[in-house]
Amino acid sequence: MSPSEAVTEQDLRVAYLGRLPGRLHAIEEAWTKFARDREPADFEPLKMHVHRLAGSAATYGLAEVSAKARDLDRLTQPIVAVGPFTECLAALRDAIDRVSQGETPSPS
Amino acid sequence: LNLPPLNRVLLVEDDPDILQIVEFALARVKKLSVETCRTGAEALERAERFAPDLILLDAMLPGMDGPSTLLELRKNPRLSAIPAVFMTAKIQPQDIAQYRELGALDVIPKPFQPSELAGTLFDLWSAHHEQHVAE
(Lines give C-alpha, C1' and ligand atoms only; values in the text may rest on other atoms or scores of the structure.)
Protein backbone atom coordinates (compact mmCIF):
# COMPACT_ATOMS: atom_id res chain seq x y z
CA MET A 1 0.00 0.00 0.00
CA SER A 2 1.42 3.41 -0.93
CA PRO A 3 1.49 6.24 1.63
CA SER A 4 -1.20 8.15 -0.25
CA GLU A 5 -3.52 5.13 -0.18
CA ALA A 6 -2.85 4.70 3.54
CA VAL A 7 -3.85 8.31 4.17
CA THR A 8 -7.03 7.81 2.20
CA GLU A 9 -7.94 4.72 4.17
CA GLN A 10 -7.28 6.62 7.37
CA ASP A 11 -9.48 9.42 6.03
CA LEU A 12 -12.29 6.92 5.62
CA ARG A 13 -11.85 5.83 9.23
CA VAL A 14 -11.93 9.39 10.47
CA ALA A 15 -15.05 10.09 8.42
CA TYR A 16 -16.64 6.94 9.85
CA LEU A 17 -15.77 8.10 13.36
CA GLY A 18 -17.55 11.35 12.58
CA ARG A 19 -20.67 9.43 11.57
CA LEU A 20 -20.70 7.24 14.68
CA PRO A 21 -22.66 9.61 16.93
CA GLY A 22 -25.36 9.70 14.26
CA ARG A 23 -25.41 5.92 14.07
CA LEU A 24 -25.75 5.77 17.87
CA HIS A 25 -28.53 8.33 17.77
CA ALA A 26 -30.42 6.21 15.25
CA ILE A 27 -30.18 3.19 17.58
CA GLU A 28 -31.25 5.19 20.62
CA GLU A 29 -34.15 6.72 18.75
CA ALA A 30 -35.30 3.34 17.43
CA TRP A 31 -34.92 1.80 20.87
CA THR A 32 -36.87 4.58 22.60
CA LYS A 33 -39.68 4.22 20.12
CA PHE A 34 -39.80 0.44 20.38
CA ALA A 35 -39.52 0.39 24.19
CA ARG A 36 -42.30 2.96 24.47
CA ASP A 37 -44.81 1.68 21.93
CA ARG A 38 -43.87 -2.01 21.66
CA GLU A 39 -44.94 -1.96 18.05
CA PRO A 40 -43.51 -4.93 16.14
CA ALA A 41 -43.03 -2.66 13.13
CA ASP A 42 -40.55 -0.58 15.16
CA PHE A 43 -38.41 -3.59 15.91
CA GLU A 44 -36.95 -4.04 12.42
CA PRO A 45 -35.30 -0.60 12.20
CA LEU A 46 -33.78 -1.14 15.65
CA LYS A 47 -32.41 -4.52 14.63
CA MET A 48 -31.08 -3.15 11.34
CA HIS A 49 -29.24 -0.21 12.92
CA VAL A 50 -27.64 -2.40 15.59
CA HIS A 51 -26.63 -5.11 13.14
CA ARG A 52 -25.11 -2.63 10.69
CA LEU A 53 -23.07 -0.93 13.39
CA ALA A 54 -21.73 -4.25 14.68
CA GLY A 55 -20.52 -5.14 11.19
CA SER A 56 -19.23 -1.80 10.02
CA ALA A 57 -17.35 -0.90 13.24
CA ALA A 58 -15.34 -4.11 13.03
CA THR A 59 -14.59 -3.50 9.36
CA TYR A 60 -13.30 -0.01 10.20
CA GLY A 61 -11.09 -1.48 12.92
CA LEU A 62 -13.12 -0.38 15.97
CA ALA A 63 -13.16 -3.64 17.88
CA GLU A 64 -14.66 -2.37 21.12
CA VAL A 65 -17.52 -0.50 19.45
CA SER A 66 -18.23 -3.56 17.35
CA ALA A 67 -18.19 -5.86 20.39
CA LYS A 68 -20.67 -3.66 22.26
CA ALA A 69 -22.90 -3.41 19.23
CA ARG A 70 -22.65 -7.19 18.82
CA ASP A 71 -23.94 -7.58 22.41
CA LEU A 72 -26.99 -5.54 21.42
CA ASP A 73 -27.31 -7.48 18.18
CA ARG A 74 -27.59 -10.71 20.13
CA LEU A 75 -30.37 -9.19 22.24
CA THR A 76 -32.39 -8.32 19.18
CA GLN A 77 -32.69 -12.00 18.26
CA PRO A 78 -35.51 -12.67 18.73
CA ILE A 79 -36.81 -11.08 21.94
CA VAL A 80 -35.72 -7.77 23.40
CA ALA A 81 -35.18 -7.77 27.16
CA VAL A 82 -35.47 -4.15 28.30
CA GLY A 83 -32.97 -4.25 31.19
CA PRO A 84 -30.05 -5.91 29.38
CA PHE A 85 -30.68 -3.85 26.26
CA THR A 86 -30.49 -0.61 28.23
CA GLU A 87 -27.24 -1.72 29.91
CA CYS A 88 -25.63 -2.78 26.63
CA LEU A 89 -26.78 0.43 24.95
CA ALA A 90 -25.04 2.42 27.70
CA ALA A 91 -21.85 0.40 27.17
CA LEU A 92 -22.01 1.10 23.43
CA ARG A 93 -22.49 4.81 24.14
CA ASP A 94 -19.38 4.78 26.37
CA ALA A 95 -17.33 3.03 23.70
CA ILE A 96 -18.39 5.54 21.03
CA ASP A 97 -17.72 8.44 23.39
CA ARG A 98 -14.20 7.15 23.96
CA VAL A 99 -13.34 6.85 20.29
CA SER A 100 -15.03 10.17 19.50
CA GLN A 101 -13.05 11.99 22.18
CA GLY A 102 -9.66 11.55 20.74
CA GLU A 103 -8.84 7.90 20.36
CA THR A 104 -7.65 7.76 16.80
CA PRO A 105 -8.17 4.30 15.40
CA SER A 106 -5.01 2.67 14.23
CA PRO A 107 -4.95 1.22 10.74
CA SER A 108 -6.06 -2.41 10.86
CA LEU B 1 -4.22 -21.33 -18.01
CA ASN B 2 -5.73 -18.22 -19.58
CA LEU B 3 -8.22 -16.84 -17.14
CA PRO B 4 -10.89 -14.49 -18.39
CA PRO B 5 -10.28 -11.08 -16.83
CA LEU B 6 -12.28 -9.91 -13.85
CA ASN B 7 -13.17 -6.40 -14.95
CA ARG B 8 -16.66 -5.67 -13.70
CA VAL B 9 -18.08 -6.21 -10.23
CA LEU B 10 -21.62 -5.44 -9.15
CA LEU B 11 -21.74 -4.72 -5.43
CA VAL B 12 -25.10 -5.07 -3.69
CA GLU B 13 -24.97 -3.66 -0.18
CA ASP B 14 -27.45 -1.53 1.76
CA ASP B 15 -25.15 -0.26 4.51
CA PRO B 16 -23.55 2.99 3.28
CA ASP B 17 -20.57 2.56 5.63
CA ILE B 18 -19.74 -0.86 4.19
CA LEU B 19 -20.47 0.30 0.66
CA GLN B 20 -17.92 3.06 1.03
CA ILE B 21 -15.10 0.89 2.37
CA VAL B 22 -15.71 -1.86 -0.21
CA GLU B 23 -15.72 0.63 -3.06
CA PHE B 24 -12.49 2.06 -1.72
CA ALA B 25 -10.90 -1.37 -1.36
CA LEU B 26 -11.82 -2.38 -4.91
CA ALA B 27 -10.91 0.98 -6.43
CA ARG B 28 -7.28 0.14 -5.69
CA VAL B 29 -7.41 -2.44 -8.46
CA LYS B 30 -6.75 -0.94 -11.85
CA LYS B 31 -9.13 -1.92 -14.64
CA LEU B 32 -11.75 -3.07 -12.14
CA SER B 33 -15.03 -1.29 -12.64
CA VAL B 34 -17.46 -1.43 -9.71
CA GLU B 35 -21.15 -0.61 -9.86
CA THR B 36 -23.08 -0.37 -6.62
CA CYS B 37 -26.70 -0.76 -5.66
CA ARG B 38 -28.56 -1.04 -2.40
CA THR B 39 -31.46 -3.40 -2.99
CA GLY B 40 -32.09 -6.74 -4.61
CA ALA B 41 -34.59 -5.23 -7.03
CA GLU B 42 -32.04 -2.66 -8.10
CA ALA B 43 -29.45 -5.42 -8.52
CA LEU B 44 -31.67 -7.35 -10.94
CA GLU B 45 -32.15 -4.29 -13.09
CA ARG B 46 -28.53 -3.12 -12.88
CA ALA B 47 -27.08 -6.54 -13.69
CA GLU B 48 -28.90 -6.51 -17.04
CA ARG B 49 -27.33 -3.20 -18.05
CA PHE B 50 -23.90 -3.50 -16.43
CA ALA B 51 -23.25 -7.15 -17.35
CA PRO B 52 -20.92 -7.80 -14.39
CA ASP B 53 -18.30 -10.54 -14.39
CA LEU B 54 -19.03 -11.14 -10.71
CA ILE B 55 -21.67 -10.11 -8.18
CA LEU B 56 -20.75 -9.34 -4.58
CA LEU B 57 -23.91 -9.62 -2.55
CA ASP B 58 -24.93 -8.86 1.01
CA ALA B 59 -27.32 -11.41 2.51
CA MET B 60 -29.36 -9.03 4.64
CA LEU B 61 -30.98 -6.53 2.33
CA PRO B 62 -34.21 -4.58 2.79
CA GLY B 63 -37.15 -6.12 0.95
CA MET B 64 -35.78 -8.89 -1.23
CA ASP B 65 -32.87 -10.37 0.73
CA GLY B 66 -29.60 -11.59 -0.77
CA PRO B 67 -30.55 -15.26 -1.23
CA SER B 68 -33.86 -14.28 -2.87
CA THR B 69 -31.99 -11.87 -5.13
CA LEU B 70 -29.60 -14.60 -6.22
CA LEU B 71 -32.52 -16.93 -6.83
CA GLU B 72 -34.09 -14.31 -9.14
CA LEU B 73 -30.76 -13.74 -10.92
CA ARG B 74 -30.49 -17.47 -11.53
CA LYS B 75 -33.93 -17.50 -13.17
CA ASN B 76 -32.78 -15.05 -15.84
CA PRO B 77 -30.90 -16.88 -18.62
CA ARG B 78 -28.81 -13.79 -19.35
CA LEU B 79 -27.67 -13.51 -15.74
CA SER B 80 -27.81 -17.04 -14.44
CA ALA B 81 -24.15 -17.89 -15.08
CA ILE B 82 -22.66 -14.84 -13.37
CA PRO B 83 -20.66 -16.00 -10.35
CA ALA B 84 -21.93 -14.55 -7.09
CA VAL B 85 -20.15 -14.19 -3.76
CA PHE B 86 -21.98 -13.44 -0.54
CA MET B 87 -20.43 -10.97 1.84
CA THR B 88 -22.27 -11.33 5.11
CA ALA B 89 -22.25 -11.79 8.86
CA LYS B 90 -24.90 -14.51 8.46
CA ILE B 91 -22.53 -17.44 8.38
CA GLN B 92 -24.20 -20.13 10.42
CA PRO B 93 -23.77 -23.57 8.79
CA GLN B 94 -27.40 -23.54 7.63
CA ASP B 95 -26.89 -20.10 6.04
CA ILE B 96 -23.78 -21.21 4.19
CA ALA B 97 -25.55 -24.37 3.03
CA GLN B 98 -28.33 -22.19 1.64
CA TYR B 99 -25.89 -19.92 -0.24
CA ARG B 100 -24.14 -22.91 -1.77
CA GLU B 101 -27.42 -24.52 -2.72
CA LEU B 102 -28.27 -21.33 -4.59
CA GLY B 103 -25.01 -21.61 -6.49
CA ALA B 104 -22.94 -19.00 -4.70
CA LEU B 105 -19.24 -19.26 -5.38
CA ASP B 106 -18.27 -18.61 -1.78
CA VAL B 107 -18.92 -16.48 1.29
CA ILE B 108 -16.76 -13.65 2.58
CA PRO B 109 -17.59 -13.28 6.27
CA LYS B 110 -18.18 -9.85 7.76
CA PRO B 111 -16.27 -8.20 9.23
CA PHE B 112 -13.57 -8.43 6.59
CA GLN B 113 -10.16 -6.83 6.12
CA PRO B 114 -10.62 -4.14 3.46
CA SER B 115 -7.00 -4.48 2.37
CA GLU B 116 -7.52 -8.19 1.63
CA LEU B 117 -10.87 -7.98 -0.12
CA ALA B 118 -9.68 -7.52 -3.70
CA GLY B 119 -7.15 -10.35 -3.34
CA THR B 120 -9.84 -12.64 -1.98
CA LEU B 121 -12.14 -11.85 -4.89
CA PHE B 122 -9.42 -12.52 -7.47
CA ASP B 123 -8.53 -15.80 -5.74
CA LEU B 124 -12.16 -16.90 -5.87
CA TRP B 125 -12.36 -15.83 -9.51
CA SER B 126 -9.27 -17.86 -10.40
CA ALA B 127 -10.43 -20.91 -8.47
CA HIS B 128 -13.83 -20.75 -10.15
CA HIS B 129 -12.34 -20.76 -13.65
CA GLU B 130 -9.70 -23.36 -12.85
CA GLN B 131 -12.46 -25.63 -11.61
CA HIS B 132 -14.41 -25.09 -14.84
CA VAL B 133 -11.37 -26.04 -16.90
CA ALA B 134 -10.81 -29.15 -14.75
CA GLU B 135 -14.42 -30.20 -15.37
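Chain naming here is simple, since letters A, B, ... match the order of the sequence lines and numbering starts at 1 in each.
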Residues Asp17(B), Arg52(A): salt bridge by 4.0 Å N-O rule: no
Joint cluster assignment, [X] & [Y], ILVMFWY side-chain distance < 4.5 Å:
X	Y	value
Leu70(B)	Ile55(B)	yes
Phe122(B)	Leu11(B)	yes
Leu117(B)	Val12(B)	no

Set of salt bridge (Lys or Arg N to Asp or Glu O under 4.0 Å) partners for Lys110(B), sequence neighbours left out: Glu13(B), Asp58(B)
With sequence neighbours excluded, residues passing salt bridge (Lys or Arg N to Asp or Glu O under 4.0 Å) with Glu87(A): none
Gln94(B), CD: over 12 other non-hydrogen atoms inside 6.0 angstrom: yes
Arg36(A) atom CZ, over 12 foreign heavy atoms within 6.0 Å: yes
Distance (rounded to the nearest 0.5 Å) between Met87(B) CE and Thr59(A) OG1: 8.0 Å
Spacing of Ile21(B) atom CD1 and Arg13(A) atom CZ [to the nearest 0.5 Å]: 6.5 Å
Cluster companions of Met60(B) among Ile, Leu, Val, Met, Phe, Trp, Tyr (side-chain spacing under 4.5 Å): none
Neighbours of chain B found in residues 21-30 of chain A - heavy atoms under 4.5 Å: Arg23(A)
Which portion of Pro109(B) sits near chain A, non-hydrogen atoms under 4.5 angstrom: neither
Smallest separation among heavy atoms of Gln20(B) and Tyr60(A), with atom names: OE1-OH, 3.7 Å
